[in-house]
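Here the structure is a predicted model, which means the values were calculated and not measured.
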Amino acid sequence: MTPLLVAQFFTPSTTSVAGNVFLTAVVGLLPLVVFFVLMGVFKVATHWCSIIALALSLIIAVFAFHMPVDLALLAGTQGAAMGFMPIIYIIIAAVWLYNLTEKSGRSADLKAVFNTIGRGDQRAQALIVAFCFCGLLEGLAGFGAPVAITCAMLVTLGVSKIKAAVVTVVGNAINVGFGAMAIPTTTAGKLGGAEATEVAANMGHLTWVFCLFIPFLMLFILDGGRGVRQLWPLGLVAGAAAGVGHFFTPAISYELTAVVASLLGFAACYVFLLLWGPTTPKEYVTTTNEADKPTGSRIALALMPYVLVVVIIAVTKLAKPITAFLSSTDVKIPWPGLYGNLLGADGQPSGAAIYSLQVLSNPGTWIFVTGIIVAIVYGTNSSAGRFQTSVGEMFAVLPRTIYSLRMAILTIASVMALAFVMNFSGQTTSIGAALATTGAAFAFLSPILGWIGTAVAGSATSAGALFANLQSTAAAGAGLDPRILLAANTIGGGIGKIVSPQNLAIAATSVDAEGSDAEILKKAAPYSIGLLLVLCVLVFVASQGWLGAYMPN
């Protein structure tokens with residue numbers, strides 16, 4: 001079939017290559033393989049990896065999946081638009097907020113605060129920030145903001161850049177499925193034909209296991225076996241408290257699972273460290289200059305950006321009248337030339353070709369509002385001359401921040417364009433269709449779909465949109481519980497975010513180490529694959545009913 005330059009109706013097929021689902025899946029996987037090989041093996045700059053993979057996906061979409069050229073190009077433009085808004089928008093806001101604390105000099109006081117909380121142990125401080133604080137932000141905001149803010153905070157605390165990035169993406173993973181008020185869970189339930197509360201309950205009865213041991217992985221990342229030996233009590237307390245939140249909260253309000261679990265973890269760590277102090281090697285000891293110990297007002301100002309951003313986002317997400325109003329301002333834009341020509345399997349126009357422009361409901365807007373408030377407060381309050389700056393200097397940080405992110409902006413826009421071309425042409429779904437042919441063994445493979453979906457699209461919500469219906473259909477055919485497979489898809493999506501090119505770019509940019517994506521991937525990928533295999537085993541066991549009353553009915 002010769003692809004046309006003039007738009008025509010197009011329905012993605014999972015058997016486009018030689019009428020064979022497996023060959024189609026292999027061809028569909030090529031752009032992703034090329035991306036990771038170029039990045040991980042040949043150390044090609046990430047923006048070039050994404051551009052090359054995008055070009056390859058366009059060629060495959062046109063010549064292997066028979067997608068009209070203009071529709072393939074338009075799919076890429078919609079993806080790029082999604083990259084700019086909300087993702088790049090959020091990243092710019094988050095990095096600007098962090099840069100304000102650096103430029104003003106108040107990051108020194110922030111270090112002093114966490115030095116007190118963490119008993120002078122940098123590793124303990126990093127664990128609390130990357131597991132508890134990051135989880136709280138993930139539960140409220142999502143969409144890259146938690147990783148961006150947390151990575152920057154860890155660097156402020158003195159953690160090396162690559163370690164800060166790796167420990168953040170690993171610690172964040174288990175809360176992604178419940179991120180942004182559990183949007184991924186809601187999406188999976190809605191599109192998979194199951195109650196979201198039931199999907200969430202199954203998730204919570206799996207994720208608590210990961211909560212127990214992920215803090216130990218984080219300690220290992222920070223300081224190897226020594227970190228685990230010296231800080232295992234704190235890791236156990238953090239993980240157990242968060243695990244309780246994951247296990248019980250979905251039955252009460254699944255949207256608040258990550259928020260409640262993270263707050264429990266933070267509170268448990270704080271109380272425990274009042275009673276117990278770790279053995280800290282010299283290189284991880286953090287101290288505060290007693291001659292310049294921050295006053296109460298300086299502590300409040302140092303914490304203000306992060307406390308304020310949590311409070312503001314919490315209000316916009318938890319106050320239902322406000323949330324409803326903000327969401328009502330979203331603008332739905334049928335993507336010109338694509339909507340109406342891209343069809344679903346039912347022959348109707350695909351809703352995926354409708355772009356949602358979110359401004360007031362976008363967490364990035366409220367991070368910007370926080371930044372504006374912080375810029376004014378920092379510019380007008382020098383704390384008795386200790387931090388001399390001006391409002392003008394604070395706002396001048398914003399254009400410099402945007403300029404410093406220019407290559408990351410290119411990378412994220414092209415990665416999102418790649419994701420949309422792969423999704424709309426059928427490349428991604430062909431991979432899922434091939435895995436779904438495995439019958440009862442699909443229970444073991446089910447989480448891999450969510451992992452792949454998020455690795456490609458950078459979003460667990462997108463992974464649910466891609467594969468939720470397929471998961472339910474495969475479950476029915478194999479006699480499996482679709483709620484367990486939908487839970488597996490959503491949790492697997494969170495684990496896949498560890499290696500998502502978009503997430504890697506956000507982490508590298510936030511620690512001011514652009515181009516380090518390959519190094520972060522190399523160190524983070526084994527954790528992602530290991531966690532995925534554990535999830536595959538747990539899901540297989542749960543799907544066979546061997547856990548009895550452990551799994552909800």
Contact between [X] and [Y] at the side-chain level, heavy atoms closer than 4.5 Å - yes or no?
X    : Y    : answer
M153 : F114 : yes
S516 : I520 : yes
M181 : L256 : yes
V537 : F444 : yes
V176 : N172 : yes
L318 : V259 : no
P250 : M203 : no
W96  : K103 : no

Atom [atom1] of [X] with >12 non-hydrogen neighbours under 6.0 angstrom:
X    : atom1 : result
W276 : CH2   : yes
F272 : CZ    : yes
F266 : CZ    : no

Ignoring hydrogens and geometry beyond distance, is a side-chain donor-acceptor pair present between [X] and [Y] at under 3.5 Å?
X    : Y    : answer
Y98  : S107 : no
T279 : Q230 : no
T249 : T257 : no

Atom pair [atom1] ([X]) and [atom2] ([Y]), whose distance is rounded to the nearest 0.5 Å:
X    : Y    : atom1 : atom2 : result
Y306 : L110 : OH    : CG    : 6.0 Å
T280 : L231 : OG1   : CG    : 7.0 Å
L206 : F247 : CG    : CZ    : 10.0 Å
L418 : L54  : CG    : CG    : 6.0 Å
L410 : S50  : CG    : OG    : 6.0 Å
I491 : T454 : CD1   : OG1   : 12.0 Å

Option from T509, L405, I367 for which side chain to side chain contact (heavy atoms under 4.5 Å, CB included) with I92 holds: L405
In this structure, which one of S500, P501, C49 forms a side chain to side chain contact (heavy atoms under 4.5 Å, CB included) with V415? P501
Look at R123 together with D121 and state whether they make a salt bridge at an N to O cut-off of under 4.0 Å. yes
So does K317 pair up with E138, basic N to acidic O under 4.0 Å? no
Trace of the salt bridge (charged side-chain N to carboxylate O under 4.0 Å, His left out) decision for K163 with E519: CA-CA 10 Å; K163 278 187 180 181; E519 186 176 357; over 6 Å; no
Test your reading of the model: is there a side-chain donor-acceptor pair from [X] to the backbone of [Y], 3.5 Å cut-off?
X    : Y    : answer
K497 : N503 : no
R106 : L301 : no
N202 : E198 : yes
S528 : A525 : no
T185 : G177 : yes
T156 : A152 : yes

Minimum heavy-atom separation for [X] and [Y], please, with both atom names.
X    : Y    : answer
S510 : A148 : OG-CA, 3.1 Å
L435 : F442 : O-CD1, 3.3 Å
A94  : I149 : CB-CG1, 3.6 Å
A455 : L32  : O-CD1, 4.4 Å
L236 : F216 : N-CZ, 3.7 Å
W208 : G243 : CB-O, 3.5 Å

What do the steps show when you test F36 against L521 for side-chain contact (heavy atoms from CB on, under 4.5 Å), and what is the final call? CA-CA 9 Å; F36 285 118; L521 172 65; 3.5 Å; yes
Using the side chain to side chain donor-acceptor pair (under 3.5 Å) definition, which of the options Q122, K111, Q125 pairs with T286? Q125
Between S446 and Q471, is the side-chain contact (heavy atoms from CB on, under 4.5 Å) condition met? List the steps. CA-CA 7 Å; S446 173; Q471 293 274 12; 2.7 Å; yes
Evaluate the side-chain contact (heavy atoms from CB on, under 4.5 Å) criterion for residues L234 and C269: first the C-alpha distance (whole Å), next the side-chain angles of each, then the deciding distance (0.1 Å), finally the verdict. CA-CA 7 Å; L234 180 64; C269 288; 3.8 Å; yes
Between F210 and H246 (judged by ring centroids, cut-off 6.0 Å), do the two rings come close enough to count as a pair? no
Applying side-chain contact (heavy atoms from CB on, under 4.5 Å) to I495 and Y527, what does each step give before you reach the verdict? CA-CA 9 Å; I495 296 172; Y527 296 101; over 6 Å; no
